[in-house]
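Everything on this sheet refers to the single structure shown next.
If you read the sequence from its start, that first residue is 1, and numbering goes on from there.
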Amino acid sequence: MGLFLLWFFFGIGVIIQLVYLLVIFGRTAWFKSFTKSAKNQNPEEGVTVLVAAHNEFQNLKVLIPKLFEQDYPKFDVMVVNDRSTDRTKRLLEEMMALYPKLRSVTIKYTPNHVTPKKFALTLGIKVAKNDVILLTDADCMPTNDQWIRKMTAPIREDGKTFSIGFSGYEVKSSLLNKWIQFETMLTALFYFSFGLWKAPFMGVGRNLCYRKSFFMEVKAFKGLWHLEGGDDDLFVNQYATGKNSAIVIDPGATTTSIPKETWKEYLVQKKRHLNAGKYYRGEDKRKIGLFSLSHALFWIGAIGLMIYFGVETELEQFLIVLGIVLVRSFLVLSIFNSASKKIQGSATPMNVLINDFLYLGYFWVLGSVSYQAKDIPWK
């Protein structure tokens, strides 16, 4: 009976994993871009780049000049100074003298019934000059001077409401950084692939674009004010559809963020991100849950069978299981590398095979802790 269950778990895991890897994730890994004819007679519509910042003096000092290197004729930058106690306010005053298209609004306190990040974004969007809003964070950098043009094109030219992009992290040599690269790409494979299948369910606020008019019309954060996270993925989860959203896969449309340097900082960040996931629509939670369950069944079945056949010295059966594991490993490595090249322009070091196995503990342990967590601060 035990051997039958191991084969059953393993077989179910193999089938579902192959569907995800080849059919779903393959949509991103083997993505082929094509050019659409512009429908909008005003393709260079104005854009407001919006940044909500809390004590981000050092990052803003680098980011603001970088934003004004963008090759796009009609844009401004709005920085929401959210209760900063460092030199952010003075920096913004100095920068506004240098860059006429830089604007700022200062928040001195946050009302009790709302969370800081959503309040800051809402205020910034309300006073934004343009209807096309392109969001990023203070510690993010566009990787190309075409970022604004490429990220906003689906909205300006194709009439979309949401434009969902990728935001990666700086590459470093640490094990933590390789895990961050892996987990970030796996997350992108989820939301890019389902987005390409006309079933979008999330985006990241470090590189997300939508229309101000739509945001105001639906009162975007209605029902979400009490949640620290979710200003990006939950907004997309509630309102993005296959018709009104577009996935932007282009190395010139990405941003790069500063990664966490310690496991403690990283785990706090991921608890906030994973905590928002429990508010996704049921069908979207099942998309992630089915992959993670099949991933666990695959590895539990594979390890259990190889131990059993190793002890019983049934070499032929052992080699069959090992062969299936190696084939899946090759597919995982191929898909991650191909997706990274499509999205970022290069295959980023991320210890794919090791981290694929470690994902087993990450999802079930940290995911469970995050699901139960309360009072997770933004900053």
Side-chain angles (χ1 to χ4, degrees), residues 47-68 75-99 101-130 132-142 167 203-210 212 215-216 219-236 255-260 265 268-273 275-276 373-379:
V47 175
T48 292
V49 177
L50 180 61
V51 181
H54 175 70
N55 289 337
E56 296 281 7
F57 168 79
Q58 293 294 342
N59 288 326
L60 290 173
K61 188 166 61 173
V62 179
L63 173 64
I64 292 172
K66 190 73 174 177
L67 289 177
F68 285 104
F75 79 96
D76 63 6
V77 176
M78 165 63 72
V79 177
V80 183
N81 179 16
D82 180 23
R83 301 164 295 123
S84 297
T85 56
D86 60 3
R87 291 178 286 169
T88 295
K89 189 173 186 296
R90 177 170 292 183
L91 173 69
L92 290 172
E93 290 171 350
E94 294 172 354
M95 289 285 190
M96 282 189 285
L98 294 173
Y99 302 104
K101 292 183 179 180
L102 173 64
R103 303 170 63 224
S104 74
V105 60
T106 298
I107 295 175
K108 295 183 178 179
Y109 71 95
T110 301
N112 293 329
H113 67 288
V114 302
T115 50
K117 181 72 177 289
K118 293 185 183 67
F119 184 69
L121 289 176
T122 300
L123 182 59
I125 291 171
K126 280 184 176 180
V127 300
K129 285 184 175 181
N130 300 299
V132 180
I133 306 295
L134 178 55
L135 298 169
T136 191
D137 283 351
D139 65 346
C140 291
M141 293 290 164
S167 182
V204 292
R206 303 187 304 276
N207 197 10
L208 179 65
C209 185
Y210 47 75
K212 170 183 176 177
F215 180 93
M216 303 302 294
K219 299 179 181 178
F221 297 144
K222 182 181 179 181
L224 303 175
W225 285 111
H226 63 293
L227 304 176
E228 286 294 344
D231 50 273
D232 45 13
D233 51 349
L234 291 183
F235 178 41
V236 173
T255 63
T256 302
S257 301
I258 300 173
K260 300 300 182 184
E265 291 176 330
V268 170
Q269 179 191 53
K270 294 312 297 182
K271 277 180 66 178
R272 184 173 68 249
H273 294 170
N275 181 259
K374 297 179 180 180
D375 302 323
I376 302 175
W378 173 41
K379 286 188 179 180

Quick one: [atom1] on [X] to [atom2] on [Y], what's the gap to the nearest 0.5 Å?
| X | Y | atom1 | atom2 | value |
| --- | --- | --- | --- | --- |
| Gln58 | Arg87 | CD | CZ | 6.5 Å |
| Leu121 | Phe235 | CG | CZ | 10.5 Å |
| Asn81 | His54 | CG | NE2 | 9.5 Å |
| Ser167 | Leu135 | OG | CG | 11.5 Å |
| Leu67 | Asp76 | CG | CG | 11.0 Å |

Partners meeting side chain to side chain donor-acceptor pair (under 3.5 Å) with [X] (sequence neighbours left out):
| X | answer |
| --- | --- |
| Thr136 | none |
| Thr256 | none |
| Thr122 | none |
| Lys89 | Glu93 |

Would you name the heavy atoms of [X] and [Y] that are closest together and state the gap between them?
| X | Y | value |
| --- | --- | --- |
| Leu60 | Leu91 | CB-CD2, 3.8 Å |
| Cys209 | Leu134 | CB-CD1, 3.8 Å |
| Phe75 | Lys101 | O-CD, 3.1 Å |
| Lys66 | Pro142 | CE-O, 4.0 Å |
| Lys212 | Ala128 | NZ-O, 2.9 Å |
| Glu56 | Asp86 | N-OD2, 3.3 Å |

Determine whether a donor-acceptor pair (N or O, by modelled atom type, separation under 3.5 Å) exists between the side chain of [X] and the backbone of [Y].
| X | Y | result |
| --- | --- | --- |
| Asp82 | Ile107 | no |
| Asp232 | Val204 | no |
| Lys118 | Phe221 | no |
| Asn55 | Thr85 | yes |

Task: By ring pair (Phe, Tyr, Trp, His ring centres under 6.0 Å) - contacts of Phe57 (at least two apart) - done: none
Task: Counterpart residues, ring pair (Phe, Tyr, Trp, His ring centres under 6.0 Å), relative to Phe119 (two or more places apart) - done: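 Not a single residue meets the ring pair (Phe, Tyr, Trp, His ring centres under 6.0 Å) criterion with Phe119.
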Sequence neighbours excluded, which residues qualify as side chain to side chain contact (heavy atoms under 4.5 Å, CB included) partners of [X]?
| X | answer |
| --- | --- |
| Met78 | Thr48, Leu50, Val80, Arg103, Val105, Val127 |
| Gln269 | Tyr169, Lys260, Tyr266, Arg272, His273 |
| Asp233 | Met202, Ala276, Tyr280 |
| Ser104 | Leu92, Met96 |

TODO: Check salt bridge (Lys or Arg N to Asp or Glu O under 4.0 Å) between Lys61 and all other residues, then give those that pass, not counting sequence neighbours.
DONE: none
Task: Counterpart residues, salt bridge (Lys or Arg N to Asp or Glu O under 4.0 Å), relative to Lys126 (two or more places apart) - done: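 For Lys126 there are no salt bridge (Lys or Arg N to Asp or Glu O under 4.0 Å) partners, ignoring immediate neighbours.
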Open item on the list: Measuring only between side-chain heavy atoms, which start at C-beta, is Ile64 closer than 4.5 Å to Tyr99?
Closed with: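 Of all side-chain heavy-atom pairs linking Tyr99 with Ile64, at least one is under 4.5 Å.
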